[in-house]
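Numbers here are sequence positions counted from 1.
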Amino acid sequence: MSSLDMFLFSLSRTFCSPFAVYVQIQGCFICLTLALGWALASYVREIKQMKEAMQNGNSLSFLCHDINELEHFYQANLPRVTVVMPLKGFGEHNLHNWRSQITSLYGGPLEFLFVVESTEDPAYHAISRLISEFEDDVDVKVVVAGLSTTCSQKIHNQLVGVEKMHKDTKYVLFLDDDVRIHPGSIGALTREMEKNPEIFIQTGYPLDLPSGSLGSYCIYEYHMPCSMGFATGGRTFFLWGGCMMMHADDFRQDRYGVVSGLKDGGYSDDMTLAAIAGAHKRLITSPPVAVFPHPLATDLNFGRYWNYLRKQTFVLESYTTNINWVMNRALFGVHCYLSWGFVAPFFIATIHLAAAFRFYSNGYSLEETAYTSAGLSLVTFLAICTLVELLSMWNLTRIEVQLCNMLSPEAPQLSLATYNWCLVFIALLVDNFLYPLSAIKSHFSQSINWSGIRYYLKHGKIIKIERTERSKDMSPVFTDLGGKHLYGKKGMPARGSFLGSLSRSLAQWHQPKKFDN
C-alpha cells in the first residue's frame with residue numbers, strides 16, 4: 001500500500017471504533033428526529049377546513065371559515081388593534097410587504113404605526129410616500145422614536161409605538177417590516193385572542209423564500225425547526241419576534257414587568273418576552289394560519305448570513321433572571337452538541353467513501369478492506385436517514401407554500417420549484433458547522449453590531465451602545481436578510497467574502513471595540 005492508502009485505511013479503521021460508530025448512529029438519529037418533527041408539523045388541518053368551506057360556497061374562507069362572521073353586526077363589534085412596525089432601512093421587498101400589511105381586510109378598528117429612528121432613515125421617506133396613497137382609506141402614521149439609550153433600537157421603537165397607540169386599543173401586534181402578511185392574518189390572530197383571554201402572546205413563523213445564494217438557503221434551514229410549532233396544537237414555546245400579538249393593557253399596566261423588562265437593557269424582544277412568559281407561566285400560542293412569506297434579498301451573500309447568525313446566537317447571552325440564564329446556557333450547550341453531532345457523521349462518511357474509492361480502484365480484496373466495508377454500511381444508513389430528512393423538509397415546505405397561496409389568493413403564487421434541494425443539503429452542513437463557532441464567539445465577545453449599532457452586554461443586559469459612523473470601513477451599508485439600505489445615500493453592496501467577515505470577527509475576539517463588522 002502507498003502512504004496515502006495506509007493513511008486512509010488507518011482513518012477508516014479508526015472511524016469504525018465503538019465511539020465513532022456511536023457518533024454516526026447519533027447523526028442518523030438526529031436526522032430521523034428532525035424528519036419526524038417536520039412530518040408531524042406537516043399535518044395542517046387548516047388546509048382541509050378551507051377546502052371544505054370553499055366547497056360549501058364560502059369563497060372567502062381565506063378570511064374566516066364561518067361566512068356569518070363577515071356580517072356587519074359581527075364586524076362592527078371587533079376589538080381595536082394597533083399594528084406597530086419598527087423600521088430600519090429600505091430594501092427591495094419592503095414596499096410589497098408594507099402594502100400587504102396596511103391593506104389588511106380586518107373589519108374592526110385598525111391603526112398602523114410605522115416607527116423609525118429618525119427622519120434620515122431611508123424608510124421614513126419611502127413609507128411617507130406609501131402613506132400618501134392610502135391616507136384617506138387607512139389609519140396609518142409614521143412615528144419618529146429617536147435614539148435608544150437603554151435597550152436595542154428595535155425594542156425602543158416598539159415601546160414608543162406602544163406609547164402612541166390609541167387609548168381604546170385592545171390588542172397590539174408587533175410585525176417586522178420584512179414580513180408579508182395575508183389579508184386575513186390580523187383577523188385570525190384577533191379571533192384566537194378573543195376565544196382564549198388566557199393567551200399572553202400569539203406568534204407566527206416565517207416561510208423563507210431563498211433568493212438562490214447559499215447564504216439564503218442557510219437562513220431557510222436555520223428557521224425550519226421553528227415550523228415544528230405547527231405540531232404542538234397551537235400551544236408552543238417558540239416565539240418569533242417578526243409576529244407577536246399581545247394585550248395592550250399588559251403594556252399600559254406593565255404587567256409581569258413587560259415594559260420594564262424590555263426597556264431595562266433588553267436586547268432581543270422575543271427572547272425577553274419568552275422568558276417573561278416562562279417565568280410567569282403565561283401561554284404562548286400560534287394559529288396554523290400564522291405562517292408568513294419571508295422573501296430574502298437577492299444579493300444575500302455569505303458574509304451577511306454570518307452576521308445574521310452572530311445576532312441569533314448572541315441572544316443566548318441576554319437574559320432577565322437566573323433561571324433564564326440557566327436555560328440559555330442549556331440551550332447553548334445542547335444546540336452546539338447537536339449541531340456538530342449532525343455534521344461529524346458526514347465528515348466520517350467522506351473518509352469512508354474516499355478510502356473505499358481508493359481501495360477498490362486499486363483492486364484490493366474485501367478481506368483487506370473489511371473496515372472500509374463496515375464503514376460503507378454506516379454511510380448507506382446515513383444516506384437513507386438524510387434522504388428521509390430532506391423529503392420531510394420538502395413536504396413541510398410544500399404544505400406551507402400551499403397554505404400561503406390559499407391565504408393570499410390575490411398575491412403572486414409561491415412555488416416550490418424555486419427551491420434548490422442540493423443547496424438545502426449543503427446549507428444543513430454549513431449552518432450546523434458554523435453555529436457553535438458563532439455561539440462561542442458571541443459568548444466571549446459580549447458585543448454585537450446590529451445594523452450599524454454596537455451593543456455591549458453585561459449580566460445579560462445592554463450596558464453600552466455605540467453608533468457606527470458611516471465613514472468607518474467596516475460600517476454595514478445593508479441589513480443582513482432584506483438587503484435594506486441603512487442610510488439615506490445608497491451605498492454599494494458589500495463585496496467582502498464570508499472568509500473575510502469571519503476573519504474580522506476572529507480578529508476582534510479579544511478587541512471588540514476596535515472593529516465594526
So, does Asn324 use its side chain to make a donor-acceptor pair with the main chain of Thr320 at under 3.5 Å? yes

With a 6.0 Å cut-off on the ring centroids, do Phe433 and Phe346 count as close? no

Main-chain N/O of Arg310 paired to Thr313 side chain as donor or acceptor, under 3.5 Å: yes

So, His247 side chain and Ile199 main chain: donor-acceptor pair closer than 3.5 Å or not? yes

Report yes or no: does Glu221 contribute a side-chain atom to a donor-acceptor pair with the main-chain N or O of Leu428 at less than 3.5 Å? no

Tyr220-Tyr419 aromatic ring centre distance below 6.0 Å: yes

Should Lys458 and Glu317 count as an ion pair when the cut-off is N to O under 4.0 Å? no

For residues Phe174 and Phe251, establish whether the separation of their ring centroids is below 6.0 Å. yes

Phe302 and Tyr305: aromatic ring centres closer than 6.0 Å? yes

Can you label the angle between the Trp98 ring and the Phe90 ring as parallel, tilted or perpendicular, going by 30° and 60°? tilted

Check the angle between the aromatic planes of His294 and His223 and answer parallel, tilted or perpendicular using the 30° and 60° thresholds. tilted

Using modelled atom types only, decide if a donor and an acceptor are shared between the side chain of Ser100 and the backbone of Ile181 within a distance under 3.5 Å. yes

Phe314 and Tyr455 aromatic centres sub-6.0 Å: no

Test Ser227 against Glu400 for side-chain hydrogen bond (donor to acceptor under 3.5 Å, both in side chains), laying out the working first. CA-CA 9 Å; Ser227 298; Glu400 291 181 342; 2.8 Å; yes

Check whether any side-chain N or O of Ser216 sits under 3.5 Å from a backbone N or O of Ser211 as a donor-acceptor pair, and report yes or no. yes

Looking only at atom types and distance, does a side-chain atom of Ser42 sit under 3.5 Å from a main-chain N or O of Leu396, one as donor and one as acceptor? no

Tell me whether Asp208 contacts the main-chain N or O of Pro210 through its side chain, where contact means a donor paired with an acceptor under 3.5 Å. no

